[in-house]
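These notes are about the structure you will find just below.
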Protein chains: 2
Amino acid sequence: MPPQRRPALVTLREVAARSGVSIATASRALAGDTAISEPTRLRVAEAAQHLSYRPNAGARSLRTRSSMLIGVLVPTSGDGYYGEVVAAIEHRSRQLGYQVLLAMSHFETEREHEALETFLSQRVDAVISVSPIGPEDAMGISSAAMLTSVIINWDVAVRQRLVDRVASGADRGLATSVAQLAPVGPNHVRFDDTAGAATATRHLVQSGHRQFVFVCGAVTRSSVLRLLGFRQTLSAAGLWPQPVIQPAEATLAARQQAVADFLRTARPPLAVVAYDDLTAIAAIRAAHEAGWSVPSDVSVVGIDDIELAQYTWPSLTTVAQPKAEIGALAVEAVLGARRRAGQLLEGTLIKRESTAEATSTATSTKSTSTKSAGTKTGASTKAGARSTTGARTRVR
Amino acid sequence: MPPQRRPALVTLREVAARSGVSIATASRALAGDTAISEPTRLRVAEAAQHLSYRPNAGARSLRTRSSMLIGVLVPTSGDGYYGEVVAAIEHRSRQLGYQVLLAMSHFETEREHEALETFLSQRVDAVISVSPIGPEDAMGISSAAMLTSVIINWDVAVRQRLVDRVASGADRGLATSVAQLAPVGPNHVRFDDTAGAATATRHLVQSGHRQFVFVCGAVTRSSVLRLLGFRQTLSAAGLWPQPVIQPAEATLAARQQAVADFLRTARPPLAVVAYDDLTAIAAIRAAHEAGWSVPSDVSVVGIDDIELAQYTWPSLTTVAQPKAEIGALAVEAVLGARRRAGQLLEGTLIKRESTAEATSTATSTKSTSTKSAGTKTGASTKAGARSTTGARTRVR
DNA sequence: TTGTACGCGTTATCAG
DNA sequence: CTGATAACGCGTACAA
């Protein structure tokens with residue numbers, strides 16, 4: 001790409017000349033300096049207007065050491081959730097006078113590094129990283145460069161073993177492991193995954209469901225935390241353990257297939273807590289294909305509340321993430337407009353059509369059973385067994 | 001926002017000092033100038049690496065008159081379609097060494113102007129505007145500033161009258177009016193809306209459908225062009241006129257309601273061509289709520305192919321826009337990497353589950369009727385009549 | 001209240 | 001092959 005040499009735009013010098021003042025005075029007048037007489041200010045403003053003068057951000061940045069740029073790193077914007085968060089960030093940034101420099105990692109660590117480098121080069125004033133894969137590195141770079149940064153929903157890969165431990169009944173030391181995963185650093189803005197999943201699960205428990213299943217997302221921190229919320233709620237209700245579906249691949253197609261496999265061994269009424277809305281929609285598809293009806297046979301709840309959740313059939317009951325607030329908070333935090341302290345934001349249950357009271361109309365083996373009797377239901381799969389599609393269904 | 005004074009990053013001067021060469025030599029070495037001895041180049045590179053030197057983009061831009069920045073303006077990124085296009089643009093831009101400065105208009109002309117101003121201030125090398133409301137202005141500004149720009153899917157508001165003319169049978173001078181709307185300027189990259197809708201409609205015609213309805217989006221250019229494709233195809237098949245649903249409001253909820261109203265007066269089998277995928281999904285909802293089954297009673301086809309289209313129930317038959325290609329093409333065009341000529345890109349039919357052969361099982365009043373007999377079907381609404389929700393259903 | 005002059009970090013020109 | 005030096009456009013101490 002040979003960047004062709006284009007003619008320079010109007011500069012302050014020209015504005016000054018036209019209004020018959022020095023370049024310094026022009027600068028001050030445009031900046032709203034009070035020590036400038038009204039007449040001159042007007043003349044300068046008029047000249048600037050007439051010449052359609054636009055201050056050169058690069059030059060200004062060079063001089064002031066502030067680019068008024070904020071680097072935003074996301075995996076992609078072609079996804080309902082990230083796209084909405086980016087929109088929120090852009091909105092608040094602009095209100096505060098900042099521009100957004102956007103970079104996407106496409107879920108690749110290599111790309112993240114590149115993005116950070118370019119942010120550094122552009123001398124952005126701050127960085128907001130939404131759900132990077134390798135945030136330690138990212139933060140390493142930017143903190144070394146003394147760049148203020150905020151991470152939204154830090155979603156790092158975790159060990160499969162951890163997922164297994166949460167999915168199984170094992171409790172020893174779990175609290176500690178998870179606590180290490182969950183801290184909200186001073187530069188973190190996070191959706192409370194655990195509480196969100198708990199809210200979703202509780203809704204189903206209160207609707208009389210006894211037979212549950214959780215559908216994991218990728219092997220990431222947020223997935224583990226949501227699974228944990230699922231488990232905690234059911235434990236408190238005396239309904240643990242329950243099966244956990246964990247697709248071998250991180251694709252939506254794999255999740256759908258894994259749910260389909262699971263349904264073959266299950267009987268209504270069933271309650272599905274999905275990792276997120278996309279997963280929930282895929283689960284609903286799987287249910288329909290298997291001839292189950294939603295929500296009478298199976299209730300499905302998602303998490304996130306993407307825009308489309310209200311238009312699917314049936315529309316999706318979900319726990320809404322306060323995306324606009326998350327974005328705004330991140331911007332304010334990173335710009336120092338508010339006390340920089342970790343933020344943990346709660347979700348809100350949105351009841352729609354994909355969940356209903358558990359009815360024992362179907363040939364459910366048990367419906368009002370208590371803990372010991374009702375827990376082994378549904379999946380007859382052996383613990384750790386791999387289904388044909390590679391999904392693991394852990395019952396215990 | 002008082003942008004706090006942060007310490008400067010490493011500069012070329014320091015790199016030069018550390019490698020024992022002049023600042024000029026350091027610059028050349030890093031730029032890969034061939035007139036630099038290998039040893040010095042290495043020394044400089046090593047020093048830069050060690051100090052984690054990042055060239056200051058602002059300073060460079062000041063000097064070279066090229067910011068390597070490309071301004072991207074979209075209505076929002078929180079929407080499946082735009083988000084995907086932005087992702088495509090970002091991807092290709094980065095490949096070519098450019099960064100993306102993102103701004104959103106949120107469908108407001110005022111915001112668009114602000115965005116263009118900031119682009120000018122940042123001295124972006126090019127502007128890509130995706131579907132702005134007032135592109136004439138936008139292009140006025142940027143062309144006046146000699147900024148190369150490209151518009152993707154220029155989606156400007158049109159007169160209601162034009163929609164009415166297309167929806168009704170009126171043909172006189174229509175071709176001309178539309179032609180004025182459709183030109184692909186040298187700085188346009190556009191999806192062929194008319195051909196796309198035609199493809200969608202043809203699919204339904206070939207499936208044996210005789211009773212159609214088109215669901216409009218907002219009163220915009222793309223909506224009119226798609227409606228035109230619908231009409232042309234049906235005319236060619238001797239099936240015109242057909243009803244056209246045009247919601248009074250541009251919201252998805254309004255579209256859903258308008259379809260619901262329409263269905264009350266219709267009988268299966270029906271073929272629905274929706275303005276876009278979102279509209280199609282809303283239409284499917286309306287059908288389900290009205291007790292129609294999709295696709296056996298009503299076939300629904302969308303346009304765009306957003307990611308979620310494959311996961312809804314039933315999954316959506318649609319005409320896919322080549323979003324990645326559109327984004328890449330726009331970037332290349334605007335950067336002069338390819339002959340700058342208007343581009344009109346075709347869509348591809350993706351058959352999924354929301355459409356099926358028309359079966360006359362239902363109590364359809366007519367199914368194999370020819371033009372004159374079959375055209376007044378379905379909507380008994382009078383031309384121009386406003387239903388309770390304010391949607392207009394034009395039969396002729 | 002206004003003007004002068006310097007420097008922010010780079011690249012490019014011109015010598016050597 | 002390398003070094004000194006002049007811009008690029010702006011903001012701001014310092015002077016007037």
Side-chain angles (χ1 to χ4, degrees), chain A residues 2-44 47-48 51-69 120-125 145, chain B residues 2-3 5-44 47-48 51-69 120-123 125 145:
Chain A
Q4 66 272 33
R5 196 181 196 85
R6 278 174 299 93
L9 288 190
V10 178
T11 81
L12 201 49
R13 185 211 305 286
E14 302 174 52
V15 175
R18 189 171 213 278
S19 36
V21 297
S22 79
I23 181 174
T25 302
S27 173
R28 284 189 276 247
L30 260 20
D33 191 316
T34 53
I36 292 287
S37 73
E38 202 52 26
T40 37
R41 179 201 313 314
L42 283 174
R43 283 219 314 290
V44 174
L51 301 172
S52 23
Y53 166 75
R54 306 285 165 231
N56 183 318
R60 178 179 280 173
S61 151
L62 203 55
R63 184 59 237 243
T64 63
R65 295 184 132 34
S66 164
S67 60
M68 300 305 276
L69 243 35
L120 251 24
S121 240
Q122 295 288 347
R123 300 297 192 265
V124 299
D125 288 339
Chain B
R5 198 182 196 85
R6 277 173 299 93
L9 288 190
V10 177
T11 80
L12 203 47
R13 185 212 302 288
E14 303 173 53
V15 175
R18 188 171 215 277
S19 35
V21 297
S22 78
I23 180 176
T25 302
S27 174
R28 285 189 277 245
L30 260 19
D33 192 316
T34 53
I36 291 286
S37 74
E38 202 51 27
T40 37
R41 182 204 307 317
L42 283 174
R43 281 218 316 288
V44 174
L51 300 172
S52 24
Y53 165 76
R54 306 286 164 230
N56 183 317
R60 177 179 282 173
S61 151
L62 201 55
R63 186 58 235 234
T64 62
R65 297 188 125 47
S66 165
S67 61
M68 299 305 276
L69 244 35
L120 252 23
S121 242
Q122 295 289 348
R123 300 297 193 266
D125 289 338

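Because the structure is predicted, anything quoted here is derived from the model rather than measured.
- We find that CD of A/Gln122 is positioned 16 Å from P of C/dG9, with the value rounded to whole Å.
- The CG-C1' distance, from A/Leu9 to D/dG9, rounds to 11 Å in whole Å.
- Distance A/Arg63 CZ to C/dA5 C1': 11 Å, rounded to the nearest Å.
- In this structure, B/Ile23 places its CD1 atom 10 Å from P of C/dC8, rounding to the nearest Å.
- With A/Arg43 contributing its side chain and A/Ser19 its backbone, the two residues share a donor-acceptor pair below 3.5 Å.
- Taking both residues in full, the closest heavy atoms of B/Leu12 and B/Tyr53 are given as N-CE1, 3.5 Å, listed atom of the first, atom of the second, then distance.
- Taking CG of B/Asn56 as the reference point, atom CG of B/Leu9 lies at 8.0 Å (rounded to 0.5 Å).
- Side-chain atoms of A/Thr64 come within 3.5 Å of backbone atoms of A/Ser66 as a donor-acceptor pair (strictly under, hydrogens ignored).
- Taking atom CG on B/Leu12 and atom C1' on C/dA12, their separation rounds to 13 Å, with Å as the unit.
- For DNA chain D, the neighbouring residues in residues 26-44 of chain B, judged by any heavy atom under 4.0 Å, are B/Arg28, B/Ala35, B/Ile36, B/Ser37, B/Thr40.
- Checking C/dT10, D/dT5, C/dC8 against every side-chain atom of A/Leu62, the shortest atom distance belongs to C/dC8.
- The side chain of A/Arg65 lies closest to C/dC8 when the candidates are C/dC8, D/dC8, C/dT10.
- Closest approach of A/Leu51 to A/Val10, counting heavy atoms only: O-CG2, 3.3 Å.
- Whole-Å rounding puts the A/Arg13 CZ to D/dA7 P distance at 10 Å.
- Protein atom CZ of A/Arg60 is 5 Å distant from nucleotide atom P of D/dG11, rounded to whole Å.
- Residue whose closest nucleotide on DNA chain D sits further toward the 5' end, between A/Ala59 and B/Ser22: B/Ser22.
- In terms of heavy-atom proximity, B/Ala26 sits nearest to B/Val21 at N-CG2, 4.0 Å.
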